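Here is the naming used below: chain letters follow the sequence lines, and residue numbers restart at 1 for every chain. Note that the structure is predicted; figures quoted are calculated from it, not measured.
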Amino acid sequence: MKPKFLRSRGAKKFFRSRIATFSLVVIGIYAMIGSAVLFFDVISVDDTLQRVGPDSTPMFGEQSLEKRLRDVDFQLARLDTALNKKPEDVEPAIAELALAERTISTKPREELSAEIERAWVSYDTLAEQKDEVEFEAFDAKKAELKESGVEDREEIQRIAGNAADASVAELVASEEFVSSLAQLEQIVDDLYAPLTGWSAKLYDLRRSMGTDRQGRSIAIRAIFSIKIALQIGVVTALLSVIFGSLLGAAGAFYGGWIDHLVVWLYSTFSSIPSLIFLIVISYRFIGTEFESSLFPVYVAFCLTFWIGPCRIVRGEVLKIKELEYVQAATAVGFGKFYILLKHVVPNTMHLMFINFSLLFIGAIKSEVILSFLGLGVKNQPSWGIMIRDSAPEVVNGFFPQLGAATVFMFILVISFNILSDALQDAFDPKHVS
Amino acid sequence: MALVEVEDLVKHFPVRGGILNRVIAKVNAVNGVSFTIEKGDVLGVVGESGCGKSTLGKTLIRLIESTGGSINYDGVDITNLNHRDMLPFRRRMQIVFQDPYSSLNPRLTVRALLKEAITHHKIVAEADMEDFIESIMLKVGLRADQKNRFPHEFSGGQRQRIGIARALALQPDFIVADEPVSALDVSIQAQVLNLMMDLKDEFGLTLMFISHDLKVVEHFCDRVLVMYLGHVVEEMSCVDIHENALHPYTKALLGANPINDPDDRRELTVLEGDVPSPFNPPPGCPFVTRCPKVEARCNDAMPPLVDKGEGHRVACFVVND
């Protein structure tokens, strides 16, 4: 037996719209991930700070020679550093290296050191070989071009660069080189305890979107940010819609000094530019115990966002309270408060839906601005923080972090828009189809 | 026995303006109206748009607070009763509105609408609720299986029936019908009017029937109150309105009614002039600007309502002489 809600006319109408159902599923996935992070600590803040690979490397797409060599270099270097610490520090250093699911092999330390030594030799040979081939091809092409009388320096650089790339590709195609590279990667793999099943998938996930400038996992940071975004969006949008609507409805319905107070409040608040207001409130919390929580963000957003729903709901209630069904309710003998809650406020519900989705999206966007300025989320990643961190990367032509943050945000925002639109269509009793 | 007694009822709407939002003028919607309604009677109230008919009806059942005067209901002065003391009278006095579209909350089904009112006044026990709702719906000509529908699923006439059902659900003895048929098609008007007549007989209702259609009032009412700019200009029995009408305004109203007999042609008296502004009514008779029989004294003082016998009261110097 389905619950009553799912059998209602509105719900049937809602699920008939395929895109709305789809967006509901998408939001459901977001909500599940968000609550998994929030309540079950699937991803901790420490996870988002851990290095998982060489810096600024996109791990997806074609596995170029460059990428593979850098990864090997990274893995060997961090193990080598740990093993070369003072004897009493080696154990904790190695433990620290372990990624959540990938631990260092339990072989004796001497054996590990020997293997690393062997890997270094192999790595050096390969890297040198690669460099040699690359530079040789580059220089040869350059000389050839100069001889044939090409003057343009940029032109020479470009053509020579292409030639160098071609020779590297040739090298990668050679069987001998490939097998020694594969051998090297095998050695590195063997330094770790073997990964199986679920943990292997998690390890792949960590590296799926590449790493940022500090070698941290972009995927993990983007997924962790879902929690932050949902928290900020839901809390601020819900609180501002509830408080704003109730204030606006009460003001319009009771009139008199209550209305004067509400109008004075919202015109005063809206005369302060909201960004300045947000900055001042966030600044006020610096140095207090709430500084590193999301509390300042909630306060700042709620204080600025309640104005929108308040204004719109007040206007609507001014209209509704003159309608005859409100008079009819008075004639039946209901109290004013009952009429307000039962007959007036439910008829502004569609406005609350619209405002909720607008504010939800607005909160996520404002969070980006505040975090970009360093006043929003602190000590944990969020999409705003990711975008801020990606600023120097973008200058160098490295986009995965910016892309991940914006795509995650975009999907959530557009799903939410479609959902609220469909909900409004489905549950507006006047809308027949 | 009089059920409703209204004494010198006044309602002024303040008009605010200026920088300090002070009261700069007032609209005199109802200006010292007195009348009584006998138990079981139907009182018609007629007059042109803006003459204060609806305000009178709503002030009477205290949807609008009066500025002055008193309202006696069944011997009790209800003019200044507070919310709690008013509650039993709320049940006994109901209203049917003009616009069947804005008078029903779009978010409540018929059942929810009726149940809410019935529960508030504990008319029947919870166990008998469904039967009671269905019986009311049948009484007003709706099918019982329509009770879970929303108002937008009904036509205008059906919605007006829902409005009547809401009023009847509280088992009132007095209903103000505020132009209940003027928003409906002519064919539906007749149905709704007949329904109201049947219900009046069945439940022994007393009605105040506000309309601007003298034909309907003549057909439906026992007595009629003719209003002009917030004043009662004539009150009389509905028997032979055409012969008995005395006030020039009533005569003009009757003259404006078409007669369905092509041979019965008469002189058409069209009223000249404009209705005076309700912000600033003339000191004398309000009808002075349009009256065909105007005299000098009409400008100076408001003519009193004079009883011409059998409860026929007229407010006109010329007629009363």
Side-chain angles (χ1 to χ4, degrees), chain A residues 4-5 7-13 249 253-257 259-261 263-264 313 316-353 423-433, chain B residues 21 54 57-58 60-65 81-109 112-114 116-121 123 148-153 159 162-164 166-167 169-170 172 174-176 178-179 183:
Chain A
K4 195 182 168 203
F5 170 75
R7 280 181 288 124
S8 73
R9 206 172 50 91
K12 275 182 203 148
K13 226 154 88 184
F253 192 69
Y254 289 110
W257 66 268
D259 196 29
H260 285 299
L261 182 70
V263 171
W264 180 82
V313 168
E316 184 73 5
V317 170
L318 279 179
K319 195 185 91 188
I320 291 176
K321 77 164 182 175
E322 297 300 329
L323 289 180
E324 287 174 341
Y325 62 77
V326 173
Q327 293 182 16
T330 312
V332 169
F334 293 123
K336 283 205 120 184
F337 189 64
Y338 178 88
I339 295 174
L340 177 65
L341 283 190
K342 182 88 190 219
H343 292 272
V344 178
V345 171
N347 281 297
T348 62
M349 217 51 124
H350 59 293
L351 295 177
M352 293 187 197
F353 267 120
L423 276 181
Q424 204 194 331
D425 280 353
F427 291 103
D428 186 359
K430 271 181 265 177
H431 194 91
V432 196
S433 69
Chain B
N21 208 21
S54 290
K58 285 175 185 173
L60 189 59
I61 62 165
R62 289 200 50 204
L63 286 183
I64 300 174
E65 293 305 321
L81 288 185
N82 61 25
H83 180 77
R84 182 186 307 220
D85 295 337
M86 190 63 201
L87 206 54
F89 293 100
R90 290 279 188 215
R91 185 190 71 71
R92 297 177 64 185
M93 313 191 297
Q94 280 300 302
I95 181 163
V96 175
F97 289 99
Q98 171 179 10
D99 182 359
Y101 291 89
S102 67
S103 62
L104 299 173
N105 186 342
R107 286 190 183 267
L108 293 184
T109 58
L113 192 98
L114 295 177
E116 176 190 62
I118 295 166
T119 316
H120 188 60
H121 286 284
I123 305 288
N148 284 322
R149 294 200 188 166
F150 285 95
H152 67 85
E153 295 171 77
R159 293 174 68 125
I162 300 172
I164 295 170
R166 173 176 56 199
L170 296 183
F174 177 58
I175 291 182
V176 174
D178 185 2
E179 306 201 31

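Taking CG of Leu323(A) as the start and CZ of Phe97(B) as the end, the distance is 10.5 Å to the nearest 0.5 Å.
The interface of residues 327-334 of chain A with chain B, defined by heavy-atom distances below 4.5 Å, comprises Gln327(A), Ala328(A), Thr330(A), Ala331(A), Val332(A), Gly333(A), Phe334(A).
Neither the backbone nor the side chain of Ile64(B) comes within contact range of chain A; no heavy atom of the residue lies under 4.5 Å from a heavy atom of that chain. Residue contact with chain A, scored on non-hydrogen atoms closer than 4.5 Å, is absent for Arg84(B).
When every heavy atom of Pro106(B) is checked against every heavy atom of Tyr325(A), the shortest pair comes out as CD-CE2, 3.6 Å.
Here Pro151(B) pairs with Leu104(B), Arg159(B) under the side-chain contact (heavy atoms from CB on, under 4.5 Å) rule; sequence neighbours left out. With sequence neighbours left out, Asn148(B) forms a side-chain contact (heavy atoms from CB on, under 4.5 Å) with Arg111(B).
Under a cut-off of 6.0 angstrom, the local environment of NE2 in His260(A) is sparse, with at most 12 non-hydrogen atoms contributed by other residues, nucleotides or ligands.
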Quick one: side chains of residues 335-344 of chain A, donor-acceptor pairs under 3.5 Å with protein atoms, not counting sequence neighbours, listed by atom name and distance.
{"from": "Tyr338(A)", "atom 1": "OH", "to": "Glu116(B)", "atom 2": "OE2", "distance (Å)": "3.0"}
{"from": "His343(A)", "atom 1": "ND1", "to": "Asn105(B)", "atom 2": "ND2", "distance (Å)": "3.0"}
{"from": "His343(A)", "atom 1": "NE2", "to": "Glu116(B)", "atom 2": "OE1", "distance (Å)": "3.1"}
{"from": "His343(A)", "atom 1": "NE2", "to": "Glu116(B)", "atom 2": "OE2", "distance (Å)": "2.9"}

